[in-house]
Amino acid sequence: MPNSIWRAETGYLFAYTENRDLIRRIKRYKKDWAITADYFRNGRLIGVQFKIPIEQRRAAERILETTTEKRA
């Protein structure tokens with residue numbers, strides 16, 4: 001699954017990625033992006049979901065190389 005960003009809660013975005021290098025980079029440099037879920041398969045990390053302040057939408061779109069989706 002490619003990287004994705006969506007609006008869910010007032011003032012926040014959620015993002016999902018399976019790219020391990022990207023996960024490491026976000027954990028290192030974006031301390032205010034909270035991890036809301038870790039996804040595992042057979043005991044191995046396969047993806048991470050982040051909660052991002054809406055003010056950082058452009059930075060999130062740039063880092064994840066995608067645009068924000070509107071989900072119902």
Side-chain angles (χ1 to χ4, degrees):
M1 176 180 201
N3 301 332
S4 60
I5 303 173
W6 66 95
R7 294 178 188 186
E9 198 176 295
T10 304
Y12 290 96
L13 300 171
F14 287 95
Y16 176 81
T17 185
E18 293 179 354
N19 184 326
R20 295 175 93 54
D21 293 329
L22 188 57
I23 292 167
R24 276 191 222 107
R25 191 168 54 180
I26 291 170
K27 284 182 177 180
R28 180 178 298 138
Y29 296 112
K30 298 295 185 179
K31 300 294 184 188
D32 52 345
W33 292 15
I35 295 175
T36 56
D38 291 323
Y39 297 93
F40 293 90
R41 182 178 301 136
N42 297 327
R44 293 197 55 185
L45 181 70
I46 60 164
V48 177
Q49 181 176 325
F50 295 95
K51 184 176 180 181
I52 305 167
I54 195 77
E55 298 84 25
Q56 296 188 23
R57 179 189 56 83
R58 290 185 67 200
E61 289 177 348
R62 227 179 340 229
I63 289 171
L64 295 165
E65 299 176 350
T66 188
T67 58
T68 304
E69 303 171 6
K70 183 169 183 171
R71 293 189 178 183

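If you're wondering where the values come from, they're calculated on a predicted model, not measured in any experiment.
Between the CD1 atom in I63 and the OG1 atom in T66 there is a gap of 13.0 Å [rounded to 0.5 Å]. To the nearest 0.5 Å, the span separating CG on N19 from CZ on R25 amounts to 8.0 Å. To the nearest 0.5 Å, the span separating CG on L13 from CD1 on I52 amounts to 6.0 Å. Going from atom CZ of R58 over to atom OG1 of T67 covers 13.5 Å, rounded to the nearest 0.5 Å.
In this structure, the side chains of F50 and K30 stay at 4.5 Å or more apart for every pair of heavy atoms.
Scanning for ring pair (Phe, Tyr, Trp, His ring centres under 6.0 Å) contacts around Y39 gives Y16, with sequence neighbours left out. The side chain to side chain contact (heavy atoms under 4.5 Å, CB included) test applied to N42 returns no partner, not counting sequence neighbours.
Under the 4.5 Å side-chain heavy-atom criterion for ILVMFWY residues, a single connected hydrophobic cluster contains both L22 and F40. Under a hydrophobic-cluster definition in which Ile, Leu, Val, Met, Phe, Trp and Tyr are linked whenever side-chain heavy atoms come within less than 4.5 Å, directly or via other members, Y12 and I5 are assigned to different clusters.
With T68 as the fixed residue, the side chain to side chain donor-acceptor pair (under 3.5 Å) test singles out one of R57, R7, E61: E61.
Heavy-atom minimum distance, K27 versus I35: CE-CD1, 3.5 Å.
A distance-only check finds a donor-acceptor pair linking the side chain of T36 to the backbone of Q49 [under 3.5 Å].
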